[in-house]
Amino acid sequence: MPEHRSAVAVATTEAADRRAEARRIAFLFQDGVLLAAAVSAFDALGLLDGKPYNTGGLPGTGYLGAAWHCLAAAGWIESDPAAWTERGLGALRHRARFVAGGAFLTRFDDNAPDCWAAPWDAATRAAFADLLREHERWRAGADPADPLTTYLDATLAVPAILTLRGTGGLHRPTGDFARLFVLLGWLDRDGGWTGLGRACLAFSGHCGLVGSYLPMLSRLQRLFRGELVVTPGHDEWHCQRRINVEASSAAHRRYFSDTDSIIQEIFRRTPRPSFVADMGCGDGTWLAHLHALLGDGVRYVGIDASPVALDRARDVLSAAGVPDPLLLIGDVTDPDALRTRLAEHGLAIDDGLHIRSFLDHDRTYLGVDPRDDGPGWSAGVHLASDGSPLSAREVESDLVAHLRRWRRHVGRFGLVVIEAHSVAPKVARHQVGASHSAALDTYHALSHQYLVEYSAFLRCCGLAGLQPVGHLERRYPRNKPFVAVSANHLVTERPMPVGPPRARHDTWSPGPEDDLADGAALHRLLFTGGDLARPRTWCSGPTGIVVHQVLEAVEARIEHARPGDAVRVLDYGAGTGFASIELTKACLERNVVPRLAERDATFELHLVDIPGGWFAQGYELLRDVPWTRFHALRRPGGGSFRPLREVLAGQEADAVLANMVFHLLPARAMRRAAASIAGVLRPGGLLAFSAPDLADRRADSVLFHDANRLVRRYWLAALDTDDPGGLAPVLREAAASVRRPLRADAQRRADRRILPAPVHGEVVAAALAPYFEGAIERRTYEFLAEECLLGALVPANQREYFAEISDRRLREAVIRHLMLDRVLPEMMSGPAGTAHGVNVEWKLGRFTAR
């Protein structure tokens, strides 16, 4: 039996590895098509022999900028100063091959619905055979793991795959198509599919995403010269819409399933939406999926700008047994017109749940005056209707206005939005093969679509008055310095429960010695502007996972609650109450307290921490929530720590959450905490935790306090330098103010505030092992540069971590200088850098008490 299990495990691992390699190849194929098309057009116009971004006397259209942007995302060029990178110079050594591949792709310039269903003409077959023979000779000495090899494979493989899919021959390729697949390692010499080949077949439909834009890529030279403009929504000469819809459906199906929990959450509440409206429904796949999930008790409405898509949706929904679907022509840019159309069919727009996938970036750009508070975060290329470039500020201001138009109609049930996002070139160049952003961003830009980075998208949502529900957020990928796709439930507000004053049941409350200013500063790091409706995404995502797990435990208890029962959740190390605030919102949305009251049961949320300014701030924020209870973890007068069982006066908790706590505990303290938590949890109770500063970390992520540790290293280096005169003025002034005898005490204070070496995740797991069963997983989230600085400047943090500097003004100046001039540029330029900050690795644990 052990040998069998081992063989199964090996086979599973091998299958996963093949799938990962197939995904990498699919991404590189799409990038390769765009790169070959761009290089071929640049070469024909004489733009490759000088510096990048050269216009060569051409009009300097946004189309030209988009193509250069593609090369930047591949890591071939730098923008400041404009120059070819080593990677780019290496690619140019294969310039003739890229030009030939790009020229071959221009043969596929037809956008007729059945253009891929016909065999190639003789000239195309001959050109393919010639190119294949040359590619076989070259590839014999090429490195198959080099992305350049796969880029060049793509110029042959993508049109071959699309033709074989269209003609029904993909699973039985013959002739030159079979030779190509043997060359790629997909077929063996006997014509059988290899493991890699079968894995790649599963991704073959994705080729239609980039392949659908070949009519546009075939005309790049005319676009660059300003002789042609893409006009979306008209005759669509630039796109083969049928394969685009089919490929999108195949690529997006996974995301539809992943939103089931979001949809079920909304339909769990009372009242329920009377209909579901999918704006940009495509072929109706998502609506058909939701019908299988929700059944016939809701009306299904599909809206799309394309009659082709609606015709296909009608067939898909009929085959799925959807009763009486309503299919309408509509434009995501104009929700007011949709309101009118729905009213014509007896539906009020705000009575339904509005959903959409990969559509907000495909809105019509209307243009508004750029917002003063819109800095223009996006690094992408965007085009106006005449092909001229648009600034990021213009595009993001338009997005805010677009979302505000929808906000007026979705106040009851919100919006469920799946969206694609651009990836800044400085990030994408480190992720070659891990995303296809070089292609995706480029063909979206060329076709007048408006992708923005995820952080920019969320900021625009906030400015429009829409906030994501943190515990329902989905991000893809989960552990990279970028988000390519997100799924969110956007709502207009998430109110906190505030009732009439009533007796509190706390065993601790703040005193005059507790510094609320310090707690307020930490609160602003967790909530934008201190607004409880706007949690910052660096912490709301991982906290949302913890909240979601606790909610599941609460739901399970509600189902079995008896009269007199109390469902108890304990927030261990609650701080300013961030996790409890988010949990309170979710409990309000799920009607936890009224549902328990129907069973004559109650809900209690116990917050426990060391008394101080942070905990005092939590009390001020949550004191009006009737089910909260506050307790001090230390005995009065700064005494010893109290066991949690004593804190709860012998009562048991159903769930304990520890949000952003365990990374602060050395191994011995962690063992005591684990025992204390185990002592208060009932058997089978849940411990859910998040920790952003537990080792180890991957190359493309950092830990939460890495920036602070690096700031301190630079500060200590300044103190110990042999050349004080060479320091920046602020460092020179601060170093001169330091009294040497105090340095040892200051170092001890710093090491207590932030552990000099992070605790390893295995230490936490080992501490929990005697009492719990569970596992720790890894997630990453973007920590914005401004948030890194905000965290370092929290009064208690800076006072303890830079205790050598007694003057607060000078201390803050040192932190700002080192963080902004040294630390953040250094970290953001590496593989863990994101568009606007760094990629922080979180450890998330879900454990059950034995």
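- Here the side chain of T85 pairs a donor or acceptor atom with the backbone of G88 at under 3.5 angstrom.
- Between the side chain of Y450 and the backbone N or O of L383, at least one donor-acceptor pair lies under 3.5 Å.
- Not a single donor-acceptor pair under 3.5 Å links the side chain of S388 to the backbone N or O of A384.
- Partner of V33 under the side-chain contact (heavy atoms from CB on, under 4.5 Å) criterion, out of L214, T155, L28: L214 alone.
- Judged purely by distance below 3.5 Å, without hydrogens or angles, the side chains of D260 and S257 never pair a donor atom with an acceptor atom.
- A donor-acceptor pair shorter than 3.5 Å cannot be found between the side chains of D109 and S218.
- The aromatic rings of W120 and F108 sit tilted relative to each other, their planes meeting at an angle between 30° and 60°.
- Side-chain contact between L47 and L58 is present, with heavy atoms from C-beta onward closer than 4.5 Å.
- Remark: side-chain polar atoms of Q240 are paired, donor with acceptor, to backbone N or O of P113 under 3.5 angstrom.
- No side-chain donor-acceptor contact under 3.5 Å links H135 to the backbone of L131.
- Between Y255 and Y476, the ring planes are perpendicular. Angles over 60° get that label, and only those under 30° would be called parallel.
- Not a single donor-acceptor pair under 3.5 Å links the side chain of S422 to the backbone N or O of D441.
- A heavy-atom distance below 4.5 Å is not found between the side chains of L105 and L217.
- Residues D398 and V395 are not in side-chain contact: their nearest non-hydrogen atoms beyond the backbone lie 4.5 Å or more apart.
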For residues 197-211, which side-chain donor-acceptor pairs fall under 3.5 Å, sequence neighbours excluded?
| residue | atom | partner | partner atom | Å |
| --- | --- | --- | --- | --- |
| R198 | NH1 | W193 | O | 2.8 |
| S204 | OG | R165 | NH1 | 3.0 |
| S204 | OG | L201 | O | 2.8 |

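- Remark: R95 CZ is packed, more than 12 non-hydrogen atoms of other residues, nucleotides or ligands lying under 6.0 Å away.
- The only member of R87, R429, K426 that meets salt bridge (charged side-chain N to carboxylate O under 4.0 Å, His left out) when paired with E78 is R429.
- Partners of H382 by ring-ring contact (aromatic ring centres under 6.0 Å, His included), not counting sequence neighbours: none found.
- Ring planes of W84 and W68: perpendicular class, angle over 60° (limits at 30 and 60°).
- A heavy-atom distance below 4.5 Å is found between the side chains of Y443 and Q30.
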W76 and F98: CA distance, side-chain angles, deciding distance, ring-ring contact (aromatic ring centres under 6.0 Å, His included) verdict: CA-CA 14 Å; W76 290 11; F98 277 103; 5.5 Å; yes

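- P173 places a side-chain heavy atom less than 4.5 Å from the side chain of L187.
- Taking the charged nitrogens against the carboxylate oxygens, R24 and E21 do have a contact shorter than 4.0 Å, which makes a salt bridge.
- Under the 4.5 Å side-chain criterion, counting only non-hydrogen atoms from C-beta, L317 is not in contact with Y300.
- Using a distance-only test at 3.5 Å, with no hydrogens or angles considered, a donor-acceptor pair links the side chain of R172 to the main chain of G168.
- Side-chain contact check for D304 and S306: no donor-acceptor pair (N or O, by modelled atom type) lies under 3.5 Å.
- Put simply, the side chain of D31 does not reach to within 4.5 Å of the side chain of T442, judged on heavy atoms.
- The side-chain heavy atoms of C239 and S447, taken from C-beta on, include no pair separated by under 4.5 Å.
- Taking the six-membered ring where the residue is Trp, F256 and W286 present parallel rings, their angle staying beneath 30° rather than reaching 60°.
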Anything under 3.5 Å between a donor and an acceptor, one on a side chain of residues 136-149, the other on a protein residue two or more places apart or in another chain? List them.
| residue | atom | partner | partner atom | Å |
| --- | --- | --- | --- | --- |
| E136 | OE1 | R179 | NH2 | 2.4 |
| E136 | OE2 | R179 | NE | 3.4 |
| E136 | OE2 | R179 | NH2 | 3.2 |
| R137 | NE | E134 | OE1 | 3.4 |
| R137 | NH2 | E134 | OE1 | 2.7 |
| R139 | NE | D153 | OD1 | 2.9 |
| R139 | NE | D153 | OD2 | 3.4 |
| R139 | NH1 | L183 | O | 3.3 |
| R139 | NH2 | D153 | OD2 | 2.9 |
| D143 | OD1 | A145 | N | 3.0 |
| D146 | OD1 | L148 | N | 3.0 |
| T149 | OG1 | D143 | O | 2.6 |

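- A side-chain N or O of Y63 and one of H448 form a donor-acceptor pair less than 3.5 Å apart.
- With hydrogens and angles ignored, the 3.5 Å screen pairs no side-chain donor or acceptor of S437 with any backbone N or O of V423.
- Checking side-chain atoms of R363 against main-chain N and O of D360 turns up a donor-acceptor pair under 3.5 Å.
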